[in-house]
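Structure first, commentary second.
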Amino acid sequence: MNVSAMPAYATFELADAIMTTRHVSCLGDLALNPLFRRECKSVYEALQDCRPEPDQLMQLYIQQISQVERPVLAIDHTAWLRPHARTLKERTYEHQPTALPHGIPVGIGQGYSTIALIPTISGSWALPLRHERITSWDNPIGKGAQQLAQVCQYLQHRPIALFDSEYGCAPLVKATAAIAADKLMRIRCNRYLWSTPPAYSGKGRPKIHGQQFKLNDSQSWWAAEQTLESVEPQLGKIRLRKWDDLHFRGSPKHPMTLILVERLETVTGRLNSQPLCSVWVGIQMPSLAEIWQLYLRRFALEHWYRLAKQTLHWTVPKLSTQPTV
């Protein structure tokens, strides 16, 4: 047997053990799997000595999707909590949802940013193109913009990037302005937007912002450029509206299109949901009937996070060396 290939063999056997072991309490449990025919220490050696090159792996994935006319990408981040690893470097405060009604959704650990390819029609799978740790001197918005730029330079067609409400802000719009990608971002329902300023009157400083658009105050809204009503099997009757040429206060030079989705009545007769507010920043926007359903494809990335943590036991190892983590 080739000695130089032994770490690779151990990695393949470790992958088989991960996919066939249902309950894992620690990393050593994987060594007890019959498919892992090595000593317990080989589990750690497989993680330490055999790691695929992320750039080559990303390019290999992109080659498989080169025929997709308009790829759909989703960007988000998740936390790997390590509250008891006091000697682990680069620990930061991370957002972590909790099931407790008054629980604090903050933990200590490390954050990871992911950009994945999402199917445009149906299915809950996602193909992660890059999955990297967010360092203590970086943030999710900066890391997500960097990953989007790395992926777009190898794509043959202009993609559509989907973002959650945490990314729906002016810093992301400015950070991704030079990237050849269209963006669809969800924004919070209490955000303020501004219209295009009026023409310069010739006196004083030219205005940067126009009329204020308060998402939580319908009295500040003006007539929408397009309105569409439809009946969905699971949501009931909904109303879609859009407003063009709006912008964030911090990015007045980057116009956006606001898409507002409201549920007028539900199948069960109970209505207690907030409207879905999202903005489009790009060149060619899909139709109003398609774009709001396109955003729902972003949740496939949440399923991938659940697969990685619950089925593939990603957060089970208690690693301490920074390159391995």
Side-chain angles (χ1 to χ4, degrees), residues 69-76 97 99 101 116 118-126 159-169 172-173 182-196 210-248 255-306:
E69 294 183 359
R70 205 169 188 185
V72 178
L73 306 174
I75 299 177
D76 204 350
I118 305 298
T120 56
I121 301 177
S122 62
S124 59
W125 64 270
I160 300 177
L162 309 178
F163 298 90
D164 200 6
S165 59
E166 182 180 356
Y167 296 84
C169 56
L172 179 73
V173 174
D182 299 330
K183 281 84 66 176
L184 179 61
M185 301 171 288
R186 183 179 180 181
I187 59 176
R188 298 192 305 268
C189 296
N190 59 352
R191 293 298 301 262
Y192 289 4
L193 302 178
W194 281 263
S195 64
T196 304
Q211 187 177 354
Q212 191 177 61
F213 192 102
K214 302 178 182 180
L215 292 179
N216 56 359
D217 183 10
S218 60
Q219 299 297 327
S220 65
W221 303 355
W222 51 86
E225 276 76 7
Q226 183 180 358
T227 303
L228 177 65
E229 293 186 1
S230 63
V231 179
E232 299 295 329
Q234 298 181 352
L235 300 178
K237 187 177 181 180
I238 63 173
R239 179 171 57 196
L240 310 173
R241 288 186 285 182
K242 78 165 186 174
W243 290 265
D244 297 327
D245 296 329
L246 296 174
H247 61 264
F248 291 117
M256 309 180 302
T257 298
L258 172 65
I259 300 101
L260 184 65
V261 183
E262 299 173 287
R263 298 178 66 179
L264 303 180
E265 61 182 25
T266 62
V267 178
T268 59
R270 301 179 61 184
L271 183 63
N272 55 1
S273 60
Q274 293 184 350
L276 173 64
C277 305
S278 59
V279 292
W280 168 269
V281 183
I283 298 178
Q284 183 179 0
M285 190 183 82
S287 64
L288 191 59
E290 297 176 356
I291 190 169
W292 76 276
Q293 295 182 349
L294 180 63
Y295 174 78
L296 300 181
R297 303 301 310 144
R298 191 203 68 84
F299 292 97
L301 185 56
E302 303 292 343
H303 297 302
W304 183 82
Y305 280 141
R306 184 173 60 180

Tell me, do Val72 and Leu162 make a side-chain contact under 4.5 Å, heavy atoms counted?
yes
Shortest non-hydrogen pair, Ala224 vs Arg241, comes out as CB-CB, 4.1 Å
Glu232 and Ile238 have their tightest heavy-atom pair at CG-CD1, 3.7 Å
Scanning both residues in full, the closest heavy-atom pair of Ala116 with Ala126 reads CB-CB, 4.1 Å
Met256 and Asp245: side-chain contact (heavy atoms from CB on, under 4.5 Å), yes or no, with the steps? CA-CA 5 Å; Met256 309 180 302; Asp245 296 329; over 6 Å; no
**Asked** Is the backbone of Ser124 close enough, under 3.5 Å, to the side chain of His303 for a donor and an acceptor to pair up by distance?
**Response** no
| field | Short side-chain to backbone donor-acceptor contact, Trp243 and Trp222, under 3.5 Å | value | yes
**Q.** Test log, rule side-chain contact (heavy atoms from CB on, under 4.5 Å), inputs Arg191 and Cys169
**A.** CA-CA 9 Å; Arg191 293 298 301 262; Cys169 56; 4.1 Å; yes
Asp164 meets the side-chain contact (heavy atoms from CB on, under 4.5 Å) criterion, sequence neighbours left out, with Arg186, Tyr295, Arg298
Handout entry: Main-chain N/O of Ile283 paired to Asp182 side chain as donor or acceptor, under 3.5 Å
Key = yes
Between Leu301 and Ala74 the two heavy atoms that sit nearest each other are CD2-O, 3.8 Å
Please determine whether side-chain contact (heavy atoms from CB on, under 4.5 Å) holds for the pair Leu240 and Glu229, giving the CA-CA distance in whole Å, both sets of side-chain angles, and the decisive distance to 0.1 Å. CA-CA 6 Å; Leu240 310 173; Glu229 293 186 1; over 6 Å; no
Ile259 and Trp280, any side-chain heavy atoms less than 4.5 Å apart: yes
Rounded to the nearest 0.5 Å, the CG atom of Asn190 sits from the CD atom of Gln274 at a distance of 9.0 Å
Heavy-atom closest pair (Pro286 atom, Ile291 atom, distance to 0.1 Å) is CD-CD1, 4.2 Å
| query | So do Leu260 and Lys242 actually touch side chain to side chain, heavy atoms under 4.5 Å? | reply | no
Verify, without hydrogens or angle tests, whether Glu225 (side chain) and Asp244 (backbone) share a donor-acceptor contact under 3.5 angstrom. yes
So SG of Cys277 and CH2 of Trp292: to nearest 0.5 Å the spacing works out to 14.0 Å
Any Lys/Arg nitrogen of Arg239 or Glu262 sitting under 4.0 Å from an Asp/Glu carboxylate oxygen of the other?
-> yes
| Residue pair Val281 / Met185, side-chain heavy-atom distance below 4.5 Å | yes
- Any side-chain heavy-atom pair of Leu184 and Ser278 under 4.5 Å: yes
Interatomic distance, NZ@Lys183 vs CG@Leu73, rounded to 0.5 Å, equals 12.0 Å
Would you call Asp76 and Tyr167 a side-chain contact if the rule is heavy atoms closer than 4.5 Å? yes
- Query: What do the steps show when you test Tyr192 against Leu215 for side-chain contact (heavy atoms from CB on, under 4.5 Å), and what is the final call?
  - Reply: CA-CA 6 Å; Tyr192 289 4; Leu215 292 179; over 6 Å; no
Has the side chain of Trp221 got a donor or acceptor atom that lies under 3.5 Å from a matching backbone atom of Lys214?
yes
Rounding to 0.5 Å, atoms CD (Gln211) and CH2 (Trp194) come to a distance of 12.0 Å
>> With a 4.5 Å cut-off on side-chain heavy atoms, are Ile187 and Phe248 touching?
In response: yes
Looking only at heavy atoms, the pair that brings Pro275 and Cys189 closest together is O-SG, 3.2 Å
With a 4.5 Å limit on heavy-atom distance, are the side chains of Val279 and Thr257 in contact?
no
